[in-house]
Structure formats: structure tokens, C-alpha cells
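The structure appears below as C-alpha cells.
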Amino acid sequence: RVVWADTDRMLGLAPTRGTLLRLLGALEHGSDARRRAAAEALLRQTAPELLPLVRDRAEREPVPEICAQLLDLVNRWSRD
């Protein structure tokens with residue numbers, strides 16, 4: 001089923017363990033729009049326990065803009 005990319009942005013406004021895990025899953029999606037939306041949503045969160053997973057994804061992200069968002073997230077969470 002098709003999921004609208006902005007759904008991920010909305011999930012970022014209602015953080016629960018389930019939504020955070022869904023956003024992590026969206027970072028692995030084949031659609032650049034879904035990965036970008038998930039990264040934007042995660043930027044609204046503080047979840048340093050997810051840091052290793054986001055760092056791993058940043059290393060594999062082919063789109064420079066999304067990679068930069070993920071690295072920003074890694075830097076923010078590393079300071080917390």
C-alpha cells in the first residue's frame with residue numbers, strides 16, 4: 001500500500017516508541033521523499049538510544065541532502 005511521505009512528518013509530531021521505529025523503517029525506504037520526510041521528522045525528536053541506527057543509515061544514504069540531515073541528527077543526539 002502506498003504511504004504518503006508527509007505521513008512520516010506528521011508521525012514526528014507524535015513521538016512514541018512505535019512511531020520512532022516506524023520512522024527508522026522509513027529511512028530504509030526506496031523513495032527519496034519517504035527517507036527525506038522521515039529524517040525531517042526525526043530531527044524533531046530526541047532519542048539518543050537510536051543513534052547507532054541513524055549513524056549506520058547516514059553512512060549508506062546515497063542522497064547528499066538526506067545524508068546531511070542524518071548527520072545533523074547524529075551530531076545533535078551525540079551532544080545530548
Does the distance from a Lys or Arg side-chain N to an Asp or Glu carboxylate O, for E40 and R35, drop under 4.0 Å? no
Between I66 and R36 the two heavy atoms that sit nearest each other are CD1-N, 3.8 Å
Roughly how far, to the nearest 0.5 Å, is CD of Q45 from CG of L20? 5.5 Å
Is there a donor-acceptor pair closer than 3.5 Å between any side-chain N or O of N75 and the backbone N or O of L71? yes
Nearest-0.5 Å distance that lies between atom CG in L42 and atom CG in L27: 5.5 Å
Show the numbers, then the answer: is there a salt bridge (Lys or Arg N to Asp or Glu O under 4.0 Å) between E28 and R34? CA-CA 9 Å; E28 300 293 338; R34 287 287 311 274; over 6 Å; no
Please give me the minimum heavy-atom distance between W77 and T46, naming the atom from each residue. NE1-CA, 3.5 Å
Closest heavy-atom pair and its distance - V54, L24: CG2-CD2, 3.9 Å
Where the side chain of E61 meets the backbone of V63, is there a donor-acceptor pair that is under 3.5 Å apart? yes
Using 0.5 Å steps for rounding, measure from the CG atom of L70 to the CG atom of L43. 8.0 Å
Closest non-hydrogen atoms of D8 and L23, given as atom of the first, atom of the second and distance, are O-CD2, 3.4 Å
Show the nearest heavy-atom pair for residues A41 and G12, with the distance to one decimal. CB-CA, 3.7 Å
Heavy-atom closest pair, residues A5 and A37: O-CB, 3.2 Å
Do R55 and E59 sit within salt-bridge range, that is, some charged N less than 4.0 Å from a carboxylate O? no
